[in-house]
Amino acid sequence: MMCSDAESHLLAYHDGALADEVLRAHIDTCPACQQALTALDDTQHLLQRSLTVSPSPELRTAFYTMLAAEKAKLARSPKHRWLGWWQRLSVAQLATALAIMFGLGFAVSAWLLSEPTLPMDRNVVALLEQSSPVDRLAGVYATLSLESNEARTVALVDLLAGEPNVNVQVAALDVLRREDLTPEVAEAVSGHLTPSADPVVQAALLRFVAQHPSSENTARLRVLLAASELEPLIRQEAERLLNTLTI
Amino acid sequence: MKRLLLSLILMWGTAWHVTHAQSHQTTVRLADPKAVTELAVDVAWGNLTVEAYAGEAVLVEAFYTPQGGETMPAEPLRDFVRIEETNQRLSLRGRTPQGFESIDVVVQVPEHMTLHLRIRRGGEIQVTGMNALVEVDHRNGSVVLEALGGPALVKAVNGSITASFSSALPEKPMSFVTLNGGIDLTFPEHLQADVWLRTTRNGHIVSDFDLIGVDYPYAGEPAEGGSKPRYSAYPIAIQAPINGGGPLLVASTENGPIRLRQR
C-alpha cells in the first residue's frame with residue numbers, strides 16, 4: 001500500500017470505523033502515516049477539551065429573566081403596539097398592503113437607480129449644440145427661460161468647456177455670474193482663468209472670480225500674474241483683485 | 001479655321017493664367033458657388049477689407065509692405081496668400097511674417113457668404129454690405145462694419161468697434177466685445193432687441209433708443225449745461241429691452257464708451 005492510498009482512509013481508521021489489516025501493516029512501517037495519525041489524535045483531544053465546558057447553573061435562569069424583561073419592554077413600546085396592526089388585518093387586506101409596499105419599493109428603487117435628469121428644454125439644448133456661434137449665443141440667452149437654475153448652470157458650464165467663440169463665452173459668463181452657484185460649480189468655471197485664455201474672456205472671468213473668493217482662485221491669480229504676455233489692463237485688474245482677496 | 005481658333009483660345013488662356021499667377025490679384029471661381037458658403041481670412045499683420053458684390057466668384061487682391069519699406073502689390077499672390085477651397089469654405093491665409101512685414105488683403109465676395117475674419121497681431125478690418133454672419137476675431141486695431149444686413153459677432157482686444165446695419169435687420173442675436181476701445185453701433189429705428197450693455201471703466205452709455213426700465217439720465221448723459229457725455233470711472237451695466245425686446249444684443253468694453261445710434 002502507498003501513502004496516497006492510506007491517506008484517504010486514515011480518519012475512518014482513527015475513529016475505529018475501519019479495521020483493515022493491510023492499512024494497519026502499512027501504518028506500522030510508515031513514519032509519515034504514523035505522524036498523521038498522531039496529529040489526528042492531538043486534534044481530537046483538543047476538541048474534546050474545548051467542548052467539555054459546561055454552562056454554569058445560573059445561566060439558564062439569567063437567560064429567561066433577560067428574555068422576560070425584553071418582552072415586557074417591547075409590550076410597553078408604542079412602536080411595538082403600532083407594529084401589531086397587521087395581526088388584525090384580513091388576508092385580503094394584508095395582500096393589498098403587501099402589493100402597495102412592493103409597488104412603492106419598486107418605484108423608489110427605480111428612481112434611485114435612474115440617472116438624475118434636469119428639466120432641460122430641448123430647444124435650448126438644440127441651440128447650444130448648433131455649429132453656428134450666433135445660434136449658440138441665442139442658446140445662452142434662451143437658458144434664461146429655464147425654470148431650473150441647476151439646469152441653466154449645467155447647460156452653461158457644459159458649453160464653456162468647449163466653446164471656441166469669445167462672444168458666446170462672455171455672454172455665458174455674464175449669465176453664470178448672476179447665478180447662485182455651489183463652490184464646486186464656481187471652481188469649475190473659475191478654472192477657465194488661465195494665462196492662455198483670450199484677454200476679453202480673462203476680463204469676464206476676473207469679474208466672476210471676484211464674486212467667488214477662494215484659495216484656489218488666489219493661486220490662479222498668481223499664476224496669471226506670473227505670465228509674461230498679459231494685457232496691461234488684465235494685469236492691473238488681476239493685481240487689484242489679488243490684493244482684495246489676500247487682505 | 002477651327003484649329004486656328006482653338007490655338008488662339010489656348011494662347012489666351014495660358015497668357016491669362018500666367019498673368020494672374022504672377023499678379024497680386026486673382027479671381028477664385030468656385031467649383032459650386034452655392035455649396036461654398038463661407039470665407040475665412042486669417043493674417044498676422046495687415047489690413048483686411050471685404051466688400052460684398054453681386055457676382056459669384058471671389059476676387060482677391062493683396063498688397064505687401066516690407067519692414068521700413070513702401071506698400072506694393074504682393075506679386076505673385078500665391079507667395080503671400082495661400083488660397084484653399086475645402087467643402088463649403090474658401091480660406092485665405094497670409095504667410096507667416098518674415099520680419100516686421102504686413103500683408104493687406106482686399107476681397108470682393110458674394111453678399112450671402114458667411115465671413116470669418118481674423119487678424120492675429122494688428123491691422124484694421126473693414127467690411128461693407130454683407131448679408132450673412134460676419135464673425136471677427138481681432139487683436140490690435142479697429143473694426144468697422146458698414147451697411148450690414150446679417151448678424152455680427154465681433155471681438156477685439158485693443159481697438160474700437162463701429163458697426164452700422166441696413167434696414168433689413170436680421171432677427172438674430174449679436175455681440176460686440178472689446179477690452180480697450182469704444183463701441184459705436186447704428187441701427188434702424190425699428191430695432192427690437194434685449195440689450196446687455198457694459199462699460200467697466202472710462203466710459204459711458206448713451207442711447208438714441210429708449211432703454212425701457214432704465215432710469216434717466218443714463219450714466220454719461222451730459223451734465224446740466226454741458227454738451228459732452230461724462231465719462232465714468234466706475235462700471236456701468238444696463239440690461240433693457242428696446243422696442244418691446246427681441247434677440248440678444250451685447251455690447252461690452254472694459255475700457256471705453258458705448259453709443260447706440262438710430263439711423
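Just so it is clear: chains get the letters A, B, ... in the order the sequence lines come, proteins before strands, and each one is counted from 1. Heavy-atom basis, side chains included; hydrogens, waters and symmetry copies ignored.
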Over-ring placement of Arg177(A) relative to Trp196(B), 6.0 Å and 45° cut-offs: no
For Gln239(B), is it the side chain, the backbone, both or neither that has a heavy atom under 4.5 Å from a heavy atom of chain A? side chain
Which heavy-atom pair separates Leu133(B) from Ser132(A) by the least distance, and what is that distance? CD2-OG, 4.4 Å
Of all heavy-atom pairs between Ala156(B) and Val200(A), which one has the smallest distance, and what is that distance? O-CG2, 3.5 Å
Nearest-0.5 Å distance, CD of residue Glu237(A) to CG of residue Leu179(B): 10.0 Å
With a 4.5 angstrom heavy-atom cut-off, is it the side chain or the backbone of Leu144(A) that approaches chain B, or both, or neither? side chain
Check ion pair Lys172(B)-Asp135(A) (N to O, under 4.0 angstrom): yes
Any donor-acceptor N/O pair, Asn167(A) side chain to Met174(B) backbone, under 3.5 Å: no
Out of Asp194(B), Thr253(B), Asn255(B), return the one with the most heavy atom pairs under 4.5 angstrom to chain A. Asp194(B)
Heavy-atom distance under 4.5 Å between the side chains of Tyr141(A) and Leu249(B), does that happen here? no
Can you tell me which portion of Gln202(A) sits under 4.5 Å from chain B's heavy atoms? Options are side chain, backbone, both or neither. neither
Glu231(A) side chain near Glu254(B) side chain, heavy-atom distance below 4.5 Å: no
Less than 4.5 Å to any heavy atom of chain B: does that hold for the side chain of Val170(A), its backbone, both, or neither? side chain
When you compare the side chain of Asp137(B) with that of Val166(A), does any pair of heavy atoms fall below 4.5 Å? no
Looking at Ala138(A), Ala203(A), Pro133(A), which makes the most heavy-atom pairs under 4.5 Å with chain B? Pro133(A)
Between Val140(A) and Leu248(B), is any pair of side-chain heavy atoms under 4.5 Å apart? no
Could you tell me which of Asp174(A), Ile234(A), Asp198(A) has the largest number of non-hydrogen atom pairs under 4.5 Å with chain B? Asp198(A)
At a 4.5 Å cut-off on heavy atoms, which part of Thr178(B) comes close to chain A: side chain, backbone, both, or neither? backbone
Please check if the number of heavy atoms outside Asp32(B) that lie under 6.0 Å from its CG is greater than 12. yes
Should the heavy atoms of other residues, nucleotides or ligands under 6.0 Å from CZ of Arg82(B) be counted, would the total exceed 12? no
Quick one, Asn165(A) with Lys155(B), criterion side-chain contact (heavy atoms from CB on, under 4.5 Å). Give me CA distance, side-chain angles, the key distance, then yes/no. CA-CA 9 Å; Asn165(A) 184 279; Lys155(B) 184 223 82 179; over 6 Å; no
